[in-house]
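These numbers come from a predicted model, not from an experiment. Computed from heavy atoms alone, side chains included, the values below leave out hydrogens, waters and symmetry copies. So that the names make sense, note that chain A is the first sequence line, chain B the second, and so on, each numbered from 1.
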Amino acid sequence: MSAPIATISSIGKYEGQSVTLRGWLYNMRASGKLLFPIFRDGTGTIQGIVPKAQVGDEIFETIKSLSQESSVIVTGKVRADSRAPSGYELDVENIEVVQRVPTDEPFPISLKEHGTDFLMQHRHLWIRTPRQSAILRVRATIMRAAQEYFDTNGFTRTDPPILTPNACEGTSELFEMDYFDDEKAYLTQSGQLYIESTALALGKVYSFGPTFRAEKSKTRRHLTEFWMIEPEVAFAGLDDIMALAENFLTHIVHRVLEFNSQDLKVIGKDVAKLEAIQTPFPRISYDEAHAMLEQAYKEGKIEHPHTYGDDFGSPDETYISNQFDRPVMVHRYPAAVKAFYMEPDPQDPTKALCLDVLAPEGYGEIIGGSQRVSSYDLLKSRIEAHNLPLEAFQWYLDLRKYGSVPHAGFGMGIERVVAWVCGLEHVRETIPFARTLNRIYP
RNA sequence: UCCGCAGUAGCUCAAUGGCAGAGCAUUCGGCUGUUAACCGAAGGGUUGUAGGUUCGAGUCCUACCUGCGGAGCCA
């Protein structure tokens with residue numbers, strides 16, 4: 001096989017030439033002495049044409065007996081064909097079988113429908129299917145675009161530790177483990193407190209890594225292990241990070257539109273909804289959002305009334321986000337329902353200088369952030385009021401002792417963004433191997 | 001933790017309390033342009049587990065197990 005090695009996604013440039021593809025048999029149809037094997041190589045799929053009269057008995061029988069997902073090295077001539085979905089077909093000339101899938105134990109993921117449990121139990125194989133591969137490519141673009149945005153806007157990446165000595169916020173359920181002989185360690189649930197310190201060292205920073213929540217949530221929006229990207233900016237306030245959040249999200253969506261149009265097509269996402277994502281994003285205060293919900297309840301559009309002062313529930317967030325065609329930024333929640341480190345609004349100290357970004361189409365909160373308390377005394381009293389161990393937060397208080405400045409940041413959950421951008425039912429499809437309440441296999 | 005739904009062939013699902021079924025997958029046969037191809041045939045079952053009601057339970061009752069969806073909490 002002396003033909004050049006090609007990939008399916010860029011096979012068009014070899015039209016009329018013989019090429020070698022390395023991949024797997026995705027599916028095969030047959031019509032008497034004519035075979036239609038479909039090959040995939042991780043970049044796409046292409047249909048091969050195998051007429052018995054032209055390839056000879058040996059090659060014909062070799063291909064005819066191939067089972068789904070057998071690995072092959074196949075050589076053939078690239079031919080443009082209007083009947084092919086991708087525009088090209090491969091007139092097979094030769095094939096080398098790398099490994100034959102045994103027919104008494106065929107590839108489990110057939111092309112028919114499967115249930116969630118079965119697919120998740122075979123996630124290591126499920127990711128070979130075109131839709132799942134497309135989602136993982138979109139995820140990769142989103143992660144790359146997110147880093148690219150910060151890297152090209154003066155941010156320095158500073159990753160916080162994954163093993164932490166205590167609860168960052170003192171609220172969420174944490175995964176606990178032994179740390180050598182007589183200490184406990186916890187998997188990080190947010191790197192925020194740590195990047196506040198790197199922000200005061202480097203100015204504009206971000207972190208990007210896995211985050212763990214041991215909460216027993218089982219909804220389409222929750223994973224116990226998920227990836228979060230968090231910027232933190234010194235000398236910045238709420239307005240600054242609201243502007244940052246909308247520019248950041250817009251950049252990400254544009255990059256996906258630029259690089260993944262074919263994947264979005266496979267996934268079945270309406271691209272027009274993504275093209276509508278442009279700055280500025282609508283901004284509403286908590287009070288305005290509450291008024292919206294009150295009106296909606298009067299009109300019978302939501303089931304339960306929203307109590308002023310409470311955080312928004314999932315159905316509330318869905319209703320609010322459905323009123324807009326792009327992400328909506330809700331700001332200035334009551335301080336009482338938010339974390340202890342959030343700066344009070346000088347105009348109304350009962351409110352926090354915070355924001356939630358709610359994705360369109362009911363995908364919920366994709367970004368949460370705030371301006372941080374910069375006063376030593378206020379932060380200390382907040383820690384005490386929340387019954388948090390002061391000694392554990394001593395280093396955090398130091399940031400307010402040695403050159404404290406106003407600073408702000410947010411965290412964005414990658415999986416929820418992928419789910420929103422792709423239009424998926426569930427975040428478990430947005431990560432190669434989802435960790436959920438009832439599943440840690442494979 | 002609470003509320004709801006489900007569990008039958010490798011997979012997706014049927015079966016009024018009365019003989020355990022179909023499609024896909026697999027094997028064999030047919031078909032030279034198929035698009036989750038199609039046509040014919042074959043093999044494939046401890047109906048999640050344990051108990052109970054009944055002449056008779058996949059079906060009704062109880063408990064448990066597993067999974068799914070939602071709430072709360074969060075990104």
Any Lys/Arg nitrogen of [X] or [Y] sitting under 4.0 Å from an Asp/Glu carboxylate oxygen of the other?
| X | Y | value |
| --- | --- | --- |
| A/E425 | A/R220 | yes |
| A/K351 | A/D287 | yes |
| A/E176 | A/K184 | yes |

Examine the base of [N] for any acceptor or donor lying under 3.5 Å from a partner atom in the side chain of [X], and report the outcome as yes or no.
| X | N | result |
| --- | --- | --- |
| A/S217 | B/G72 | yes |
| A/R416 | B/C74 | yes |
| A/Q47 | B/U34 | yes |
| A/E89 | B/G33 | yes |

Short heteroatom pairs, N/O only, protein and nucleotides 5-13 of chain B, under 3.5 Å:
unit_1 : atom_1 : unit_2 : atom_2 : d
B/C11  : O2'    : A/E113 : O      : 3.2
B/C11  : O2'    : A/H114 : ND1    : 2.5
B/U12  : OP1    : A/G115 : N      : 2.8
B/U12  : O4'    : A/E113 : O      : 3.3

(request) Take A/Y194 and A/D159, measure what side-chain hydrogen bond (donor to acceptor under 3.5 Å, both in side chains) needs, and give me the verdict at the end. (result) CA-CA 8 Å; A/Y194 290 100; A/D159 290 326; over 6 Å; no

Does any nucleotide pair with [N] by Watson-Crick or G-U wobble geometry, both distances under 3.5 Å, and what is it?
| N | answer |
| --- | --- |
| B/G17 | none |
| B/A6 | B/U66 |
| B/A71 | B/U1 |
| B/G23 | B/C11 |

(request) Return the orientation label for the A/H122 and A/H124 ring planes: parallel under 30°, perpendicular over 60°, tilted otherwise. (result) parallel

(request) May I ask you to decide if the ring planes of A/F340 and A/F393 are parallel, tilted or perpendicular, using 30° and 60° as cut-offs? (result)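 Rings of A/F340 and A/F393: perpendicular, as their planes differ by over 60°.
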
Between [N] and [M], how far apart are the two [atom1] atoms, rounded to whole Å?
| N | M | atom1 | value |
| --- | --- | --- | --- |
| B/C28 | B/G52 | P | 47 Å |
| B/U47 | B/C19 | P | 15 Å |
| B/U12 | B/G7 | P | 12 Å |
| B/C24 | B/U66 | C1' | 25 Å |
| B/A6 | B/A42 | C1' | 33 Å |
| B/C61 | B/U53 | C1' | 7 Å |
| B/G4 | B/U62 | P | 13 Å |
| B/A9 | B/A15 | P | 15 Å |

Tell me the interatomic distance from [X], atom [atom1], to [N], atom [atom2], rounded to whole angstroms.
| X | N | atom1 | atom2 | value |
| --- | --- | --- | --- | --- |
| A/Y441 | B/U66 | OH | P | 17 Å |
| A/I142 | B/A75 | CD1 | P | 19 Å |
| A/E230 | B/A75 | CD | C1' | 9 Å |
| A/L35 | B/G30 | CG | C1' | 14 Å |
| A/L424 | B/A75 | CG | P | 21 Å |
| A/D104 | B/C28 | CG | P | 12 Å |
| A/M120 | B/U66 | CE | C1' | 15 Å |
| A/H222 | B/G69 | NE2 | C1' | 14 Å |

(message) Less than 6.0 angstrom from the centroid, inside 45 degrees of the normal: does A/R144 satisfy that with respect to the ring of A/F259?
(response) yes

(request) Take A/Q68 and A/K33, find for each the nucleotide of RNA chain B with the closest heavy atom, and name the residue whose nucleotide sits nearer the 5' end. (result)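 Of the two residues, A/Q68 wins.
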
(message) Quick check: on RNA chain B, is the nucleotide nearest A/D311 upstream (toward 5') of the one nearest A/P106, or the reverse? Name the residue that is more 5'.
(response)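 Its nearest nucleotide being more 5', the pick is A/P106.
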
Which nucleotide in the set [options] lies at the smallest distance from any side-chain heavy atom of [X]?
| X | options | answer |
| --- | --- | --- |
| A/L34 | B/A75, B/C73, B/U32 | B/U32 |
| A/E317 | B/U32, B/C74, B/G33 | B/C74 |
| A/R83 | B/G67, B/A71, B/G33 | B/G33 |
| A/R428 | B/G33, B/C68, B/C73 | B/C68 |
| A/K218 | B/C2, B/G33, B/G72 | B/C2 |
| A/H426 | B/U32, B/C74, B/G69 | B/G69 |

(request) Please identify each residue that fulfils ring pair (Phe, Tyr, Trp, His ring centres under 6.0 Å) with A/W227, with sequence neighbours left out. (result) A/F208

(message) Applying the 5.5 Å / 30° rule, does A/F36 stack onto the base of B/G33?
(response) no

Once you apply a heavy-atom cut-off of 4.0 Å, does [X] come out as touching a base, just sugar-phosphate, or nothing?
| X | result |
| --- | --- |
| A/G313 | sugar-phosphate |
| A/I367 | sugar-phosphate |
| A/L223 | base |
| A/A30 | base |

(request) Return yes if some donor-acceptor pair links the side-chain N/O of A/R22 with the main-chain N/O of A/V72 below 3.5 Å, else return no. (result) no

Does [N] have its OP1 or OP2 closer than 4.0 Å to a side-chain nitrogen or oxygen of [X]?
| X | N | result |
| --- | --- | --- |
| A/R220 | B/A71 | no |
| A/N438 | B/U66 | no |
| A/R213 | B/G72 | no |
| A/T103 | B/U26 | no |
| A/R439 | B/C68 | yes |

(request) Ignoring hydrogens and angles, state whether a donor on the side chain of A/E230 or A/S190 is under 3.5 Å from an acceptor on the partner side chain. (result)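 Short answer, yes.
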
(request) Please name the residue in the list A/R332, A/E343, A/M342 that meets the side-chain contact (heavy atoms from CB on, under 4.5 Å) test with A/L238. (result) A/R332

